[in-house]
Structure formats: structure tokens, C-alpha cells
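Keep in mind the model is a prediction, meaning the values are calculated, not measured.
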Amino acid sequence: MNTERYTVTAALPYANGPIHIGHLAGVYVPADIYVRYLRSKGRDVVFVSGSDEHGVPITIKAKKEGVTPQYIVDKYHAQIKKSFADFGISFDLYSRTSNKVHHDTASEFFTVLNDKGVLEVKTTDQYYDEKAGQFLADRYIIGGCPNCGYTEAYGDQCESCGTSLSPSELINPRSALSGDKPVRKKTKHWYLPLNRYETWLKEWIIDGHKKDWKTNVYGQCKSWIDQGLNARAVTRDLDWGVPVPVVDGQGKVLYVWFDAPIGYISATREWAAQTGNDWEKYWKDPGTKLVHFIGKDNIVFHCIIFPAMLKSHGEYVLPDNVPANEFLNLENNKVSTSKNWAVWLHEYLEDFPGKQDVLRYVLCVNAPETKDNDFTWKDFQARNNNELVAILGNFINRVVVLTHKFFNGVIPERGALTAFDNKLIQRIADFPDVLSLNFENFKFREALNTFMDISRLGNKYLADTEPWKLIKEDRERVGTILNLSLQVAANLAIMGEPFLPFTVEKINNILGLDKKQWNSAGSIDLIGTGHQINEPTLLFEKIEDKAIEFQINKLNATKTDTKLGNKVNDEIKPVKDTILYEDFSKLDLRIGTIIGAEKVEKSNKLLKLKIDTGMDRRTVVSGIAKDYSPGEIVGMKVSILINLAPKKIMGIESQGMILMGEGDDGKLAFLLPDKEIVNGSVIS
RNA sequence: GGCGUGGUAGCUCAGUUGGUUAGAGCGUCGGAUUCAUAACCCGGAGGUCGGGGGUUCAAAUCUCCCCCACGCUACCA
């Protein structure tokens, strides 16, 4: 018996929203298929995930909605957990990072690293809100953007111009909590010196995993390592998260990127405690294979940072493989939560009750394994009707119907085998190994296609042997044919389980079989002669055009809504504080004409514009190159802020700022006068 | 701009260390069939392998340049 041990993790979804098909296709369906296969093989496997419930975005969302962070995470944790259960994602435990076990585990982990002297401690000046009595996370500091002048820029990024900032760059910073001007105060933080692991990472990944890791994963890692790694802060000043377990750690928590992956360990501990297992076997025994299923956005954390943490801790195994997937698009557009451009799992089940396996099938067969892929409803319908219904469902149905028609649902005896039969038997016997190889190499799409070939083979066998004709002259031969066909059906129930667990259960019910393990696959003695099978029920039903049109309209409606501005609230920027007329009048806004434009060398966003302001001709650097080419804008009359302090950008002094409107898709548009007006005209 | 990944039939993808007429599924067209949810089965059409140079007796496969998509990174309204 194979006793290989596996610890399989699926990315921790961030608990600030529901789950959509992109998550399922990229992470949870492949992970589940893999794990179901391993279990069927009799391997010792634990499969965990959980909600990632810490971090600043949750605190911000809570603030916006006027509720506590706990309320937010409770709500989404429950919803996410239910979605996974509904789709048959067979976690041994789906946990959450707000659990005590996790707080303990993460604390211990930090303590070990700290005691070993792995972490570096640095004291820096940070902004502190005296009224609120706490340090301010970068996002909690608001102030003027030094680049574009936007007055509501966050301390980490200006949402107006997209610049990444550090809080110290903000002009007139104020606290998002109290509105007061924050003071600078010294604070101490712990850092993980990733730079010290560069040599080791090179050996471990670049030399050691060149062959067995997916090219996209390997390439991304190489890119990161080659660029050089920096120390990353492990702690931050915040009150939502795992408290830093040292004397001078008050008011500090572990940074979410540090505590989140430890959530895998916590979940395993929790599961082990509940089931009487030893969690350490699954994380510290060198014989255990650790496999992380994630999306491509998480590669750096799972291939570089977390392994560095595990390595520096010293007791843990390192990931054996990280089969990260790319992204799934929806009807040719990126999935976007804020634009509601998504198929949410809970909504899918309302519209297509009982069709979990259809979605699992489509997402697997079309999974973004090597590049971004597209999900379309039309394809969904075609896959269901032409593959699940026509090939798999049809095969099972015709075998069962024929058995009832000719043998009253009793498995007929298998007589003498022809060479043709033996060919079928041989081919069936070959499938398990081919599939195994696909699974072990994380080629789930190919595995699913191979699995469908079993049904194709069965259909062809029936077409070639024509039992419905033969029944009149050779009943015994028909018995043999159906017996073999039924064995093929039983094989489908074993080898299909990783992909289509709900369907397999139906097949087993129809055939009156118990669930069987992988080592029985390939056999033609899965159903005994004389066994009574049940009445056929349809495994899949056709999906009509109507249902597909409904989904497409639903999506298009969200697009229209978005265009009209009736979109999900958090995309609209909040109204800024009231100002006096004097404040406004400080701005000198004019009309000017673009008389020249050229691309700024070595930049892909910037155009160097020459503007005639009526009183002078000045140079303005503007980041509009993605939306406008130099040729199309010369001669346009635009709005310009002329008394903005000059600033050198890419070595060019920019003397002003062109006013642009920014759409929700990030596209920029000029503000243009609607009738002829001379250069230098005042805008007020 | 730098780095990474990808660009093969209408669609989704395979193509092992360069080697005979470049494959599969779906779609499409034609045929056959009726046990089956008009499904299954057989056959045909359809590709200058993103574009262009180079190496080679021989390149989708190696090399150089360019274009496009996605991601990371830099600069940035």
C-alpha cells in the first residue's frame, strides 16, 4: 500500500467578498481534483484552506459600512465556506485566520524566528494619531499628492494618479481616523531579511525546480530573484490581526502576508486536533509533499516568501510544487468585483440548481493552466450539450436502457470474448495509468479530456457491435457486449470521481454500486453477473438558449449599469471636505492649445506636451500615452492648471497639469470647451 | 523601458532531445444509423505553426530583430 503523505493547500480567499468562477477555475477545482485523486489512490492526504481575515482592506470596508471588521469577516467567511461546500470542494478543514489556533500558531512562528535572531529590528519614524492613540497604517494617512496635487491621496498610493507613495511624502497629512494632523513618532518593526536567502533560493528554485515546476511559476520566481530581494516588514501598527507576541509589541500585529500562509499550518493543527491526528507529520516529516494551489497573483508569496519563512524556522518541509494557474476572463473581459463583472458561485447555483458538475467540468476543461483563458456562456452551453449530455450522459443512458430493455436490468453473463472485445478491454486497462500521470503532473485539463475518451470509446463500441440488431439472432453475444459496456460505465464512476463527484454518485446509484478506489480502475470485473441495476435517470440535461441568453443579458445589464454610473458604491470616490471659495480661487485654471506632443523616452505612459496658454508656451508632462497618441491630440483646446509648482519628471520640467477625467476603467478623457474660446481664458 | 509567460485549424488546446503528407476535441459540411436527451458512429473541408532575417541537408521546434496579449517591475497624469 502506498503511504505517501501529502499536505495540499488551496489559497486562502480574502474575506471581503464572495467567490466567483475565476477563483474556482484557478485554484479550488484543480486542488480538489488533485486531492480526490490522491485519496482514491489511498494516499495519506490532508487538504486545507480557510478565510484570510486580517489586513487593512477589511478594516477599511468595515469602516465604510459602519460595522466591525469581525462582522465583515463573519459574513463572508460563512458565505465562502458554503460556496465551497456546495461545489463539492472536499477540504478536510476550511478554517479562518481569526481562530485562536491560528493566532497561537502565528505567534509561535514569529517567536521562533525572533528568538533565533532571524528577524531584523528597525526603528523608524511613523505617523501617529494622538487623539486615536495609535499609529497609522499607510492607508490611514491622507494628504496631498506630491505629484498630482490630489488632496485625498493615501499614504501608500494616490488613487488619483496611481503613484505609489510613502506617508512622509504627503503634503499636509492628516489622519483618516480623527482628521487631526498626525505626529511623527518612533516605532519599532521586525523585518524578514529576504536578501539573505537569495543564494539559497537560487539553488532551491532556479537549480532545483527547473524541471518539475510549471514554466510560468518558475519564470516568475526567477524574475523576482534576479531583481534582488529586500527585507520585508513582518509587523505593522494596526489593531486588526495577530498581536506581536513580544514585550514592546503593543499596538502591533503581524503583517497579513506573514500570518496568512501560516494559516495553512493552523488549519492542519485544528483538523488534527479534531480528528486525533498528529499535525506535525504533515508539516515536519521530510517524507511529506507540500503542494500549494494558488493563482498567479500569489506566486511570490508561496514560492519565495513563505518558503523563506519555513526555511528560516528550520523545522518545516518546503513546498514540493506550487502549481499556480493564470486568470480566467469572463466573456472577453477581466473579472472585476467592483464592476460586478463576474459569475458568483451562489448566484450560479440559484440559476442552475444541481449543476455543480457542469461548472466544474467547464472550468476544468477550460482551466487557465498555461495562460489566461476565457469563460463564455456560449462555450458553457456547448460543453454541456455536446460533451456532458451527448457523450458521457448518453453513453451511461444507452447502456442502462439497453440492459433494462433486453435483460430487465440484470447484468448479463459474459460469454466468449472476441478480438474486438479484447481490444476494448486493453484500452480500458490503459486509462488509469495515463490519467495518473496527468494528475501527478497537474495536467487536469488533459486528464479530463482523456477521461471523456472513455465514454467515446464506449459509444463507439456500442455503435460497432450494434447490440440492438444482434438481439434478434444472438442474445448471448448481446449479453457479452452489454456486460462489457457496463464495466466501462463502472470504470467511469471510478475515474470520473475527481472531476465530477456529484455525477459519479448518480452513476453509482443507477448501477447500484459502492464507491470504489482507484486501484480497481481499469478492471472489467466491477459489476458481477446477475446484479440488478436501477432505473436510468438523466445525468445531465440540455441547457437551452434561453438560459444562456438570460446569463448574457444579466452580465450586459451590469455593464450598462456601470456605464450609467449606477455601480457598486465603493468605486465612486467619496465627496471631499467642503472648501471655501478662496481655496478654489487659488487654482489658476486656463484654456490652452496643445501645439506639440511627443513620447517621453523610456516611459510608456508619459507624453511631453507643448501648450500655448495665451501668454506663453510651456512644457507639460502628462501621463496619457496609454489613451492618446501624440498625433491625435495636437491642436486640441484643453484645460490646464498653470500655477502648479513645476516638477521634474523623467528629467523634463513639467510646468502645469492638464485636467483629465478618469473613467472607472482607468481611461482618461480631456475636458474640452464646447465652443471656440481663446487661449488663456480663465476657467472658473 | 526592464524581466517573465504566452501567441499552432472558426473556438479550446497537444506537439516529446529539430527529421517523412503539423495532431485532438468542439463547431462546420457530407454520409450512415436508430439502443439513446435528433444524441451516438464514419468521412471531408479547414493551418504560409504571430511577422521577418539567420544557422542547418532539414525548424512550429535552435538564434536574432519586431508585433500582440497577460503579469511583475520602474517612471508617472
**OP:** Could you name each residue pair satisfying side chain to side chain donor-acceptor pair (under 3.5 Å) that touches residues 475-486 of chain A, not counting sequence neighbours?
**Re:**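 Non-adjacent pairs meeting side chain to side chain donor-acceptor pair (under 3.5 Å): A/Arg414-A/Asn483, A/Asp421-A/Arg477, A/Asn483-A/Gln487.
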Original post:
At under 4.0 Å, does any side-chain N or O of A/Lys211 touch on OP1 or OP2 of B/U17?
Top reply: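 For B/U17, OP1/OP2 do not have a side-chain N/O of A/Lys211 under 4.0 Å.
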Original post:
Below 4.0 angstrom from OP1 or OP2 of B/G71, is there any side-chain N or O of A/Ser223?
Top reply: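 For A/Ser223, the contact criterion (side-chain N or O under 4.0 Å from OP1 or OP2 of B/G71) is not met.
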**OP:** With sequence neighbours left out, write down each residue that passes salt bridge (charged side-chain N to carboxylate O under 4.0 Å, His left out) with A/Asp430, or none if nothing qualifies.
**Re:**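 A/Asp430 satisfies salt bridge (charged side-chain N to carboxylate O under 4.0 Å, His left out) with no other residue.
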Original post:
RNA chain B: A/Asn216 or A/Asn449, which has the more 5' nearest nucleotide?
Top reply: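 It is A/Asn216 whose nearest nucleotide is closer to the 5' end.
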Subject >> Backbone of A/Phe327 reached by a side-chain donor or acceptor of A/Asp372 within 3.5 Å >> reply: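 Pair found, side chain donor or acceptor close to backbone of A/Phe327.
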Original post:
Can you pull the side chain to side chain donor-acceptor pair (under 3.5 Å) pairs that have at least one residue in residues 384-400 of chain A, sequence neighbours excluded?
Top reply: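 Qualifying pairs: A/Tyr361-A/Glu387, A/Arg383-A/Glu387, A/Arg398-A/Asn459.
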Original post:
Parallel, tilted or perpendicular: which fits the ring planes of A/Phe442 and A/Phe444, with parallel below 30° and perpendicular above 60°?
Top reply: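 Perpendicular: the ring planes of A/Phe442 and A/Phe444 meet at over 60°.
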Original post:
Which ones in residues 368-379 of chain A lie close to RNA chain B, meaning a heavy atom under 4.0 Å from one of its atoms?
Top reply: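 Result for residues 368-379 of chain A: A/Thr370, A/Lys371, A/Asp372, A/Asn373, sorted by number.
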Original post:
What residue among A/Phe431, A/Phe439, A/Phe499 forms ring pair (Phe, Tyr, Trp, His ring centres under 6.0 Å) with A/Phe451?
Top reply: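 Checked A/Phe431, A/Phe439, A/Phe499 against A/Phe451; only one passes ring pair (Phe, Tyr, Trp, His ring centres under 6.0 Å): A/Phe499.
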Original post:
In the structure shown, which nucleotide is the Watson-Crick or G-U wobble counterpart of B/G1, with both distances under 3.5 Å?
Top reply: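 Result: B/U73.
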Subject >> Contacts of A/Asp374 that satisfy salt bridge (charged side-chain N to carboxylate O under 4.0 Å, His left out) - sequence neighbours left out >> reply: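 Not a single residue meets the salt bridge (charged side-chain N to carboxylate O under 4.0 Å, His left out) criterion with A/Asp374.
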**OP:** At under 4.0 Å between heavy atoms, which parts of nucleotides 26-37 of chain B does protein reach? Answer with one letter per nucleotide, 5' to 3': B base, S sugar-phosphate only, - none.
**Re:** SS------SBBB
Original post:
Within the side chain of A/Thr450, is there an N or O that forms a donor-acceptor pair under 3.5 Å with the backbone of A/Glu446?
Top reply: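 Side chain of A/Thr450 to backbone of A/Glu446, a donor-acceptor pair under 3.5 Å: yes, one is there.
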